[in-house]
Asker: 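I have a structure here, written as structure tokens, and I will follow up with some questions on it.
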Amino acid sequence: MKLLTSAPRGTQDILPKDSYKWRFVENLLLDQASKFQFKEIRTPVFEHTELFLRSVGQDTDVVQKEMYTFLDKGNRSITLRPEGTAGAIRAMLEHNLCNENLPVRLSYIDSCYRYEKPQSGRWREFSQFGCEMIGSSDPLADAEVISLCDSIFKRLSLNETYIEINSVGCPKCRGKYYESLKEYFEKNKDSLCNTCLSRLERNPMRILDCKKSDCLKIAENAPSILDFLCSECKEHFEEVKKYLDVAEIKYNVNPKIVRGLDYYTKTVFEVISMHEGSKGLVCGGGGRYDNLVEELGGPPTPALGFGLGIGRILLAMGDLLNFIPQYKACDVYFATLGEEAKTLAFQLANILRDSSFVVECDTLNRKLKPQMKYADKIAAKFAIVLGEEEINSKKAKIKNMADSSEKPISLDNDFLKEFFEIYTDFEKNKLLGN
RNA sequence: GUGGGUAUAGCUUAGUUGGUUAAAGCGCCAGUUUGUGGCACUGGAGACCGUGGGUUCGAAUCCCACUAUCCACCCCA
């Protein structure tokens, strides 16, 4: 078969055999966030390009080479969102949510888009769960957001996941730190890789993130941001750690973590999964961004948040996904012979469905045998055969597919009542282990 | 963006030093007499061997390009 085309590069179709797993994880994420009073917000998939230029930052890789940007028919520059924070904050400001109760706590599940070369755990279209807490500068807010993130992984039984935290300070302390970093790397310029040389000018902190062995070696002895934090930032960071300790949340302080987006200040953190299939993959990240709200035209407002890649979470979960409850099994399958039977089955099926049973009827006009085969394959609990005899006598047999036992059932007004009796009996026996 | 692997039915794969109608298992469909599933047996549908060039009398097999996919780097969720 020659298909016209296939799904675009870096996208994925989530088929019925997997979609329920996604749904389960998504529900769990939103539910856990709601325990911390985060409420769902839904924002557009695309925004005006300038939003991301300003928030994510001109110099970032995301903006420089990964955005899906195009002109619409009205000549507006539009960009498919590469992350969730900017849109959430924009919407919050546009609808004056921060003029109501502070803090504002928002959660979302967004499809995001980045033009990257796909590989394991990386797609061009990916689903991101995020939470944003706007209005508090208190270190407890940081601890609470990290705690939410941590609790999610606990709830998912992802135990080989750990949290790394750092503080990138405020623009004030970062200025001094950059100078010192530049000075340090200038001295070791000869051993740096080419990418790092260009980073030296634009964003020396990114050199700390380089994985090349030569750069790693130099970075090892580079000055640490933690030694340059101003008293306010330092105190803030200490408080955050104190709260995390109280909550018995495990974390490593890693002065080398640098988040990829420009808006971060003070606390930043990453969630790294060491599970099979996602070894060392960053499946979440976040931090404080005290200047972003103002940057987008709002009043000076402290805020912070985090994002998790849902695809990466599923990757990390691996075999755990097998324990997720699947779609409801079929309660009753109607095997039908002839037009009249088909019609009757259709009516009876809807009666059962109104009582929230899961029912399926034959729609392929197959012979009885293949129909029973099918009922078996879909693991129907009961099968009811309808043919000429049954219609004439207004009585049918309902077959328990597990033990092949059959019981009579009326097809008239008593149908639902009798079915209930048979069904509860069946469930009772199951509980008793028969 | 850089480097490497892979590309044969829906899925998993076989395909010998290039040689004629490209195999198998699973899955799907149908049958094994009349209206009943799980087992077994029989049969069937389904592949222009990723695409396009080239080498050759002859290419799934060799060469080149492209595309897709996977992996690593970069970056990140």
Side-chain angles (χ1 to χ4, degrees), chain A residues 1-3 5-12 15 17 56 59-66 81-85 109-130 149 193-196 198-199 203 206 209-213 215 257-261 270-273 277-286 306-316 333-338 341 362 364 366-391 396-406:
Chain A
M1 219 179 352
K2 176 85 182 143
L3 298 179
T5 183
S6 57
R9 188 162 201 204
T11 64
Q12 51 182 168
L15 306 178
K17 70 178 173 60
V56 172
D59 284 340
T60 57
D61 273 20
V62 171
V63 165
Q64 290 208 327
K65 44 191 191 196
E66 295 171 2
R81 63 179 168 221
E83 55 98 40
T85 302
I109 290 173
D110 284 351
S111 290
C112 298
Y113 303 82
R114 291 185 199 173
Y115 192 86
E116 289 190 276
K117 198 164 166 181
Q119 66 185 63
S120 167
R122 197 168 75 190
W123 303 272
R124 288 183 175 178
E125 179 186 55
F126 61 97
S127 193
Q128 189 180 57
F129 165 77
C149 198
C193 71
N194 283 336
T195 16
C196 283
S198 70
R199 285 169 176 153
N203 193 345
R206 309 231 104 246
D209 219 22
C210 187
K211 307 289 188 299
K212 298 226 167 63
S213 65
C215 302
I257 63 169
V258 179
R259 307 259 56 235
L261 314 179
E270 279 181 359
V271 186
I272 294 158
S273 164
S278 66
K279 283 211 177 337
L281 206 62
V282 176
C283 59
F306 70 93
L308 304 177
I310 298 180
R312 289 184 177 183
I313 287 177
L314 273 109
L315 212 57
Y333 177 82
F334 279 100
T336 57
L337 298 162
D362 174 67
L364 295 174
R366 285 193 282 210
K367 290 189 179 169
L368 188 55
K369 194 165 183 165
Q371 289 195 54
M372 293 305 288
K373 223 173 193 171
Y374 180 77
D376 183 58
K377 210 158 16 184
I378 63 170
K381 292 175 191 160
F382 293 99
I384 298 175
V385 179
L386 297 183
E388 220 174 315
E389 283 173 33
E390 286 78 8
I391 288 169
K397 285 194 182 118
I398 178 163
K399 183 172 189 174
N400 177 335
M401 294 298 283
D403 63 9
S404 296
S405 64
E406 291 188 321

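Residue numbers begin at 1 in each chain, while the letters A, B, ... track the order of the sequences.
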Asker: Given atom NZ of A/Lys369 and atom P of B/C29, what is their separation to the nearest angstrom?
Answerer: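 My rounded result for the distance is 14 Å.
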Asker: Please report the closest heavy-atom contact between A/Thr336 and A/Ala341, naming both atoms and the distance.
Answerer: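 Taking A/Thr336 first and A/Ala341 second, the nearest heavy atoms are CG2-O, 3.7 Å.
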Asker: Give A/Ala379 one of three labels, base, sugar-phosphate or nothing, depending on what nucleic acid heavy atoms sit under 4.0 Å from its own.
Answerer: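 Counting heavy atoms under 4.0 Å across all strands, no contact is made by A/Ala379.
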Asker: So if I take every side-chain heavy atom of A/Val282 and compare against B/G35, B/G38, B/C76, which nucleotide ends up nearest?
Answerer: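 The answer is B/C76, which lies nearest to the side chain.
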Asker: Looking only at heavy atoms, what is the nearest atom pair of A/Arg81 and A/Ser111, with distance?
Answerer: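 Looking at all heavy atoms of both residues, the closest pair is NE-O, 2.8 Å.
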Asker: Do you know which two heavy atoms are closest between A/Gln371 and A/Phe334, and how far apart they sit?
Answerer: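 Looking at all heavy atoms of both residues, the closest pair is OE1-O, 4.0 Å.
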Asker: Expressed in whole Å, how much space separates the C1' atoms belonging to B/A23 and B/C70?
Answerer: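 Straight-line distance between the two C1' atoms is 27 Å.
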Asker: To the nearest Å, how far apart are A/Lys65 NZ and B/C73 C1'?
Answerer: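 Distance, rounded to whole Å: 12 Å.
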Asker: Using a 6.0 Å distance limit plus a 45 degree cone around the ring axis, check whether A/Arg124 lies over the aromatic ring of A/Tyr113.
Answerer: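 Here A/Arg124 fails the 6.0 Å and 45° test against A/Tyr113.
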Asker: For B/C62 and B/U17, measure between their C1' atoms and round to the nearest Å.
Answerer: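 My reading of the C1' atoms in B/C62 and B/U17 gives 12 Å.
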Asker: Any non-hydrogen side-chain atom of A/Arg366 less than 4.5 Å from a side-chain atom of A/Lys373?
Answerer: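 Counting from C-beta outward, A/Arg366 and A/Lys373 never come under 4.5 Å.
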Asker: Are any side-chain N or O atoms of A/Arg312 and backbone N or O atoms of A/Val282, one a donor and one an acceptor, separated by less than 3.5 Å?
Answerer: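 Yes, because the side chain of A/Arg312 sits within donor-acceptor range (under 3.5 Å) of the backbone of A/Val282.
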Asker: If a protein heavy atom is under 4.0 Å from the base, mark B; if only from the sugar-phosphate, S; if neither, -; do that for nucleotides 65-72 of chain B going 5' to 3'.
Answerer: ---SB-SB
Asker: Let me know the distance between CD of A/Gln64 and P of B/C74, rounded to the nearest Å.
Answerer: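 It works out to 18 Å between those atoms.
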Asker: Measure across A/Met372 and A/Val385 and return the closest heavy-atom pair with its distance rounded to 0.1 Å.
Answerer: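 Nearest heavy atoms, A/Met372 then A/Val385: SD-CG2, 4.3 Å.
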Asker: Are there runs of at least three consecutive Watson-Crick or G-U pairs touching RNA chain B, with each pair's two distances under 3.5 angstrom? Give them by first number.
Answerer: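 For RNA chain B the paired stretches long enough to count as stems (3 pairs minimum) are B:1-7 with B:67-73, B:10-13 with B:23-26, B:28-32 with B:40-44, B:50-54 with B:62-66.
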Asker: Given the P atoms of B/A60 and B/C76, what is the spacing between them in whole Å?
Answerer: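 Per the computed distance, 47 Å lies between those P atoms.
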Asker: For B/C76 and A/Arg312 - does any side-chain N or O of the residue sit under 4.0 Å from the phosphate oxygens OP1/OP2?
Answerer: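 Result: no.
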Asker: Specify the closest pair of heavy atoms between A/Gly84 and A/Cys112, including all atoms of both residues, with the distance to one decimal.
Answerer: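 The answer is N-SG, 4.2 Å.
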Asker: Which part of the nucleic acid, if any, lies within reach of A/Gln12 when heavy atoms closer than 4.0 Å are counted: base, sugar-phosphate only, or nothing?
Answerer: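 The answer is nothing, as A/Gln12 stays clear of every strand by at least 4.0 Å.
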Asker: Is a donor-acceptor contact shorter than 3.5 angstrom present between the side chain of A/Glu390 and the base of B/G35?
Answerer: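 Looking at the base of B/G35, it does pair with a donor or acceptor on the side chain of A/Glu390 (distance under 3.5 Å).
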Asker: Which atoms form the tightest heavy-atom contact between A/Cys149 and A/Leu308, and what is the distance?
Answerer: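 Closest pair (atom of A/Cys149, atom of A/Leu308, distance): SG-CD2, 3.9 Å.
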Asker: Hey, which of these two, A/Glu406 or A/Glu125, hits RNA chain B nearer its 5' end, going by closest nucleotide?
Answerer: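 The residue closer to the strand's 5' end, by nearest nucleotide, is A/Glu406.
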Asker: Using whole Å, what does the distance between atom C1' of nucleotide B/U36 and atom CG of A/Leu368 come to?
Answerer: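 Those two atoms, CG and C1', are 5 Å apart.
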Asker: If only atom types and distance count, is the side chain of A/Glu83 paired as donor or acceptor with the main-chain N or O of A/Thr85 below 3.5 Å?
Answerer: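 Judged by distance alone, yes, a pair lies under 3.5 Å.
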Asker: Rounding to a whole Å, what distance do you find between A/Lys367:NZ and B/A30:C1'?
Answerer: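 One finds 9 Å between C1' of B/A30 and NZ of A/Lys367, rounded.
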Asker: If I pick the P atom on B/G53 and the same atom on B/C74, what distance separates them, to the nearest angstrom?
Answerer: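 Straight-line distance between the two P atoms is 40 Å.
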Asker: Answer yes or no: does a side-chain N or O of A/Lys377 lie under 4.0 Å from OP1 or OP2 of B/C28?
Answerer: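 Yes, within the criterion.
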Asker: Between B/U8 and B/U12, how far apart are the P atoms? Round to whole Å, please.
Answerer: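 That atom pair is separated by 9 Å.
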Asker: Rounded off to whole Å, could you give me the CG-to-P distance for the A/Leu337 and B/U36 pair?
Answerer: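 Between P of B/U36 and CG of A/Leu337: 10 Å.
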Asker: State which of B/G31, B/G35, B/A77 makes the closest approach to the side chain of A/Pro370.
Answerer: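 Comparing B/G31, B/G35, B/A77 against the side chain of A/Pro370, the answer is B/G31.
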Asker: More 5' along RNA chain B: A/Gln128 or A/Leu364, using each one's nearest nucleotide?
Answerer: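 On the 5' side of the pair lies A/Leu364.
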Asker: Would you mind classifying the nucleic acid contact of A/Glu389 as base, sugar-phosphate or nothing, using non-hydrogen atoms under 4.0 angstrom?
Answerer: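 Base: the residue A/Glu389, judged by heavy atoms under 4.0 Å, touches a nucleobase.
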Asker: Between A/Tyr333 and A/Phe382, is the gap from one ring center to the other below 6.0 Å?
Answerer: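 Between A/Phe382 and A/Tyr333, which both carry aromatic rings, the centre distance is not below 6.0 Å.
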Asker: In whole angstrom, give the distance that lies between atom CG of A/Asp362 and atom C1' of B/U36.
Answerer: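 Value for this atom pair: 13 Å.
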Asker: Please state the P separation for the pair B/G31 and B/A14 - nearest whole angstrom.
Answerer: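 Rounded to whole Å, the distance is 35 Å.
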Asker: Please classify the nucleic acid contact of A/Glu66 as base, sugar-phosphate, or nothing, using heavy-atom distances under 4.0 Å.
Answerer: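 A/Glu66: backbone/sugar contact only, no base atoms under 4.0 Å.
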Asker: Do the non-hydrogen side-chain atoms of A/Leu315 and A/Ser120 ever get within less than 4.5 Å of each other?
Answerer: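 Touching, per the 4.5 Å side-chain cut-off.
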Asker: Side chain of A/Lys399 only, heavy atoms from C-beta on: which candidate in B/G35, B/U36, B/C76 is closest?
Answerer: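 Of the options given, the side chain of A/Lys399 lies nearest B/U36.
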Asker: Considering only atom P, compute the distance from B/C71 to B/C29 and round it to an integer number of Å.
Answerer: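 Approximately 33 Å lies between the P atom of B/C71 and that of B/C29.
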Asker: For nucleotides B/A47 and B/U6, find the distance between their P atoms and express it as a whole number of Å.
Answerer: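 Looking at atom P only, B/A47 and B/U6 are 27 Å apart.
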Asker: Starting at CZ of A/Arg124 and ending at P of B/A77, how long is that distance when rounded to a whole Å?
Answerer: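 Those two atoms, CZ and P, are 18 Å apart.
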